[in-house]
Amino acid sequence: MALLEIRNVTRRFGSYTAVDNVSISVEAGEFFTLLGPSGCGKTTLLRMIAGFDLPDSGQILLDGRDMVGTPPEKRPVHTVFQTYALFPHMTVADNIAFPLKMAGKKTHEIKTRVADALDSVRLSNFGNRFPNELSGGQKQRVAFARGLVNRPRLLLLDEPLGALDAKLREEMQMELINLQKEVGVTFVFVTHAQNEALALSHRIAVMNRGNVEQIDEPSKIYGFPRNRFVADFIGKISMMSAQVLEASPTHLRLDVGDMGEVTTAGKEGIKAGDKGTIAIRPEQILISHPSEAPRLKNHFLGKVQDFLYAGDVTTYIVELANGAYMEALLPNSAPGRAKFFEVGDPVSVSWHHDAGIFLND
Ligand code: ATP
């Protein structure tokens, strides 16, 4: 039985449907992420799991029990917010002890549990400090410790790393992965940052306008997006309209407008005549001097329109002869190498047939 089961949950605000008939199951021990653009309904869904808000229809079950009549403080759930929500006039230790005191735990038990919680977030020497004496990352670690001290069945995390700068955010991502492994508590994490979702999660639900577009492991979400929205929202991708000319279990032959024919991997349920999109990730596209192009079926000439140097990699934007644009990524793996091509250089782009993803309309 799933630990958390969201069954056909809908939430409307006036005539606006913020969460539209959503069903999700989260297994015990999972790091599960709700990912989607601003306004897609992630926070609304999280608030209903926590009990701060109620569905208009549908059910939320924890350990098989319907939570409908259970107020937030009685649910075995804790929420960590982006703003930390620490009490400024209390020490770190008292902040962490707060949920235990509310639950009426004995003093000696509180002491041991707070010490353990401080230890788990590597803040053992910070118990006597006040929140304003901590960095952003340390405050967030206190918030995690407070969230876990009561040993909830489920920890809900609403953009908890959103206020941190990029470097600290990356450090905290590693810590969060380790913390979740250590404590074994089920995490439901909300973010609009796709990299963060890919790095942290066991599974991701991609949301759009109150609906779930796809639920899968990170590598499936990235490598096999179900539709244009998921392909476009997660990572970079070049997309072109296409029509299926011929379909076999291993190959699809596509007509991609005036670009000509493209061959891509076979896909179940696709037949000749179907319309859709061919999508290819920049790191799957080989860019080379036209004279050195690899002998691949999918092979087109173009010229470098622009490039973006990012230190470890350079992304080239290539304009093809038919006016379409494709992005190709090259690692700057040779020492000191910043770029291989200049704007205006004639180049060839090619890719293996199974690197292309056909998304039907
Ligand atoms: P963000 O990443 O910006 O926090 P989100 O995906 O968490 O976005 P929600 O906060 O769940 O989005 O909001 C979903 C939609 O519901 C939004 O259009 C929002 O304006 C609307 N909404 C949320 N709460 C209310 C409310 N109490 N009253 C009216 N509309 C609301």
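One-based numbering, in listed order, for ligands and for the atoms of each. Just so it is clear, the values below take in all heavy atoms, side chains as well, and ignore hydrogens, waters and symmetry mates. Just so we're clear, the structure is a prediction, and the values are computed from it rather than from any experiment.
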(request) Could you tell me whether the side chains of Q284 and H352 share a donor-acceptor contact shorter than 3.5 Å? (result) no
(request) If you link ILVMFWY side chains whenever their heavy atoms are less than 4.5 Å apart, which other residues fall into the same cluster as L286? By chain and number, please. (result) L296
(request) Output every pair passing ring-ring contact (aromatic ring centres under 6.0 Å, His included) with a member in residues 232-273, not counting sequence neighbours, ordered by first then second residue. (result) F229-F233, H251-H353
(message) So F340 and T314, do their side chains get closer than 4.5 Å, heavy atoms only?
(response) no
(message) Can you list, by chain and residue number, the hydrophobic cluster partners of L301 when the side-chain cut-off is 4.5 Å?
(response) none
(message) Show me, by chain and number, every protein residue that has a heavy-atom distance under 4.0 Å to ligand 1.
(response) F13, Y16, A18, P37, S38, G39, C40, G41, K42, T43, T44
(request) For residues R47 and R11, determine if any side-chain heavy atom of one lies less than 4.5 Å from a side-chain heavy atom of the other. (result) no
